[in-house]
Amino acid sequence: MKKITSRTIVCFFLALVLVAGTGIFTFKFFVEGDTWSAFSANRHLYTNNVLNTGRILDETGTVLADYDDTNAKWEYSSNAYIRKATLHAVGEPTGMIGTGALTRFADKLTGYNVITGAKPIFPGGRDLYLTLNAKVCEAAYKALNGHKGTVGVYNYKTGEIICMVSAPTYDPASPPTIKDGDDEYEGVYINRLLSATFIPGSTFKLITATAALETLDGVENRTFHCDGKTTIGNQLITCPRAHGDLTMEQALAVSCNCVFGQLATEIGSSEMQKYAEKAGLTDSLSINGIKTAKSSFDFTSGGKGGLAWSGIGQGKDLVNPCALMVYSGAIANGGSTAKPQIISHTAFTGGVRTSLYLRHHTHNLINAETAATLATMMRNNVLNNYGQGNFPGLELCAKSGTAQNDASDSDNAWFTGFLQDQDHPYAFVVLVEGGGSGSKVAGKVANTVLQAAVKSN
Ligand SMILES: [Zn+2]
């Protein structure tokens with residue numbers, strides 16, 4: 001009897017394991033079936049390791065890439081500018097570009113479904129609609145004018161990335177032979193918006209300003225003084241000229257290094273670290289599963305002088321352009337913003353939608369009240385320094401930056417900010433490597449791209 005009881009228990013336990021295992025398998029089959037089927041050894045979907053089905057389109061339905069069964073290869077847009085501008089979003093079939101949809105979202109292109117598996121219900125695989133606008137990407141690529149760099153624009157209310165351009169790039173319809181050490185194509189497979197970090201220059205003063213507003217009582221009402229140079233710790237901090245007496249708002253507008261170096265030392269290294277983290281810079285963002293590069297800082301090892309340079313955005317600061325764009329979006333949107341995404345939806349050929357992507361929001365990257373104050377200051381930057389006339393018709397709030405570029409005699413030019421425009425809630429980042437002055441060069445690129453974005457809808 002005892003034996004029977006113990007055997008019953010064992011059998012019951014085994015049955016339980018079987019039921020639980022079947023349950024887990026069924027659940028994973030529904031959730032991960034498309035990823036399993038996209039495994040590159042699946043000969044239904046791959047020819048010589050190249051995915052052989054699906055289309056990639058932009059938000060307007062412009063086809064960016066389409067698998068041509070007759071010639072057994074991927075065909076791209078007929079517009080060479082669009083091909084180059086969207087290379088890092090579309091990718092190429094051999095998988096060299098890690099952020100490319102052909103590699104990253106192969107599972108979305110296969111037409112896989114839980115009923116007929118890898119044999120699609122409708123012929124031709126699935127259509128993957130990206131959030132990008134190909135025309136805006138084209139405008140951005142042209143505006144970079146041969147420079148290396150990146151341009152990102154996203155809707156801070158919905159998260160849709162409408163522009164993601166990285167240069168250098170190449171034409172996927174006729175890929176060049178790229179040799180090691182070829183300067184023209186240095187880092188060509190890297191998506192600079194998502195996967196790289198750069199010295200942020202004065203754009204980082206936005207984070208220092210946030211920390212100052214929240215940790216230094218009455219900082220907005222103080223008057224600072226700039227002689228054009230000052231010594232902090234063992235470091236000589238310089239400005240291009242003596243800015244004289246100025247408020248913090250005026251110091252941000254003229255990007256005064258002396259004032260922002262002083263502010264960083266008053267804030268202190270641990271609070272500076274805290275605010276860089278709170279701004280979301282030191283975290284990786286997940287853009288439909290694509291992880292962005294984390295920004296990094298060292299506010300401690302260089303003493304007071306090093307801390308001053310870090311607060312100015314030089315020193316050892318390294319910032320991911322996408323994270324900076326999202327911070328601008330959070331300032332625009334009252335402290336938190338929709339997380340950026342690159343996939344709009346998927347559909348069967350013929351238009352039946354097979355998925356929707358839901359919006360997710362960041363946590364508060366900045367307090368609402370501070371965000372409102374900073375937005376006013378960034379609007380003041382445009383009105384009193386960059387010049388509204390350079391951005392006709394745009395209710396623009398922005399911060400420029402100029403940072404040393406080790407690979408070039410000219411500096412890297414930055415420009416980040418947003419539109420205060422309910423109909424066009426766009427935040428952006430522009431980096432022109434070796435471009436020179438931030439607001440003049442990167443600001444001009446930003447204007448071209450934002451004008452195209454506003455016109456696009
Ligand atoms: Zn100054």
Side-chain angles (χ1 to χ4, degrees), residues 57-62 64 77 79 81-82 84-90 129-145 147 149-167 169 191-194 203 287 321-322 324-333 337-344 359 375 378-379 382 386-400 413-432 439 441-457:
L57 305 93
D58 83 345
E59 56 143 11
T60 67
T62 300
L64 303 175
S77 163
N79 177 331
Y81 289 115
I82 290 179
K84 290 179 183 176
T86 59
L87 175 73
H88 294 85
V90 170
Y129 283 83
L130 300 180
T131 56
L132 293 180
N133 182 299
K135 283 282 163 203
V136 179
C137 295
E138 180 184 352
Y141 172 68
K142 285 179 176 168
L144 280 173
N145 198 21
H147 282 284
T150 185
V151 182
V153 182
Y154 88 114
N155 181 316
Y156 53 79
K157 293 200 180 295
T158 65
E160 291 155 327
I161 299 176
I162 62 165
C163 177
M164 177 168 79
V165 171
S166 179
T169 180
N191 182 332
R192 282 161 151 76
L193 183 69
L194 305 185
T203 56
I287 295 168
C322 182
L324 191 58
M325 174 177 84
V326 171
Y327 193 59
S328 281
I331 296 169
N333 204 39
T337 163
K339 283 187 181 171
Q341 61 182 46
I342 190 74
I343 295 180
S344 167
R359 270 176 223 168
M378 290 168 80
R379 181 75 189 127
V382 175
Y386 314 141
Q388 181 60 45
N390 294 319
F391 308 95
L394 300 179
E395 194 85 0
L396 181 75
C397 302
K399 180 74 192 86
S400 66
W414 285 92
F415 208 60
T416 186
F418 54 89
L419 298 183
Q420 272 182 330
D421 180 345
Q422 288 302 308
D423 296 328
H424 307 102
Y426 300 134
F428 64 91
V429 66
V430 174
L431 168 65
V432 186
S439 66
V441 177
K444 201 172 162 194
V445 174
N447 177 57
T448 305
V449 176
L450 291 168
Q451 298 289 354
V454 166
K455 219 170 90 180
S456 75
N457 68 31

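Computed from a predicted structure; not experimentally measured.
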Leu193 vs Val429, side-chain contact (heavy atoms from CB on, under 4.5 Å): CA-CA, chis, key distance, verdict: CA-CA 9 Å; Leu193 183 69; Val429 66; 3.6 Å; yes
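- Under the 4.5 Å side-chain criterion, counting only non-hydrogen atoms from C-beta, Glu395 is not in contact with His424.
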Ser77 vs Asn79, side chain to side chain donor-acceptor pair (under 3.5 Å): CA-CA, chis, key distance, verdict: CA-CA 5 Å; Ser77 163; Asn79 177 331; 5.4 Å; no
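- Within the 3.5 Å criterion, the main-chain N or O of Lys339 finds no donor-acceptor partner in the side chain of Arg359.
- In terms of heavy-atom proximity, Cys397 sits nearest to Ala375 at SG-O, 3.7 Å.
- Taking OG from Ser344 and CG from Leu130, the interatomic distance works out to 8.5 Å, rounded to the nearest 0.5 Å.
- Across every non-hydrogen atom of Val136 and Ala453, the tightest pair is CG2-CA, 3.8 Å.
- Using modelled atom types, one side-chain atom of Thr86 and one backbone atom of Ile82 make a donor-acceptor pair closer than 3.5 Å.
- Annotation: side chain of Asn390 is not in contact with side chain of Lys444 (no heavy-atom distance under 4.5 Å).
- The CG atom of Leu57 sits 8.0 Å away from atom OG1 of Thr62, with the distance rounded to the nearest 0.5 Å.
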Derivation and outcome, side-chain contact (heavy atoms from CB on, under 4.5 Å), residues Met164 and Ile342: CA-CA 9 Å; Met164 177 168 79; Ile342 190 74; 3.9 Å; yes
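- For Asn447 (side chain) and Gly443 (main-chain N/O), no donor-acceptor pair under 3.5 Å exists by modelled atom type.
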Derivation and outcome, side-chain contact (heavy atoms from CB on, under 4.5 Å), residues Val430 and Val449: CA-CA 10 Å; Val430 174; Val449 176; 5.7 Å; no
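- Taking OG of Ser439 as the start and CZ of Phe415 as the end, the distance is 6.0 Å to the nearest 0.5 Å.
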Ile162 and Tyr426: CA distance, side-chain angles, deciding distance, side-chain contact (heavy atoms from CB on, under 4.5 Å) verdict: CA-CA 9 Å; Ile162 62 165; Tyr426 300 134; 3.7 Å; yes
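- For the pair Ser166 and Thr169, the tightest heavy-atom approach, listed with the atom from each and the gap, is O-CB, 3.6 Å.
- The closest donor-acceptor contact from the side chain of Gln388 to the backbone of Leu396 lies at 3.5 Å or more, if one exists at all.
- Residue Ser328 is tested with Asn333, Thr203, Thr416 for a side-chain hydrogen bond (donor to acceptor under 3.5 Å, both in side chains); the sole match is Thr416.
- Contact detail for Ala134 and Leu64: the closest heavy-atom pair is CB-CD2, 4.0 Å.
- Without hydrogens or angle criteria, Tyr156 side chain to Phe418 main chain gives no donor-acceptor distance under 3.5 Å.
- Under the 4.5 Å side-chain criterion, counting only non-hydrogen atoms from C-beta, Val165 is not in contact with Thr150.
- Using a 4.5 Å heavy-atom cutoff, the side chains of Phe428 and Leu419 are not in contact.
- Looking only at distances, no side-chain donor or acceptor of Asn155 sits under 3.5 Å from a matching main-chain atom of Gly159.
- Contact check for Glu160 versus Glu59: no side-chain heavy atoms found under the 4.5 Å cut-off.
- Among all heavy-atom pairs drawn from Tyr129 and Gly61, the shortest one is CE2-CA, 4.0 Å.
- Annotation: cation-pi geometry satisfied between Lys142 and Tyr81 (NZ/CZ under 6.0 angstrom from ring centroid, within 45° of ring axis).
- Here the closest heavy-atom approach between residue Pro340 and residue Val326 is recorded as CG-CG2, 3.6 Å.
- There is a side-chain donor-acceptor pair under 3.5 Å between Thr337 and Tyr154.
- Here Ser456 contributes atom OG and Asp58 contributes atom CG; the two are 9.5 Å apart, rounded to the nearest 0.5 Å.
- Leu144 is listed as a side-chain neighbour of Val151, based on a closest heavy-atom distance under 4.5 Å.
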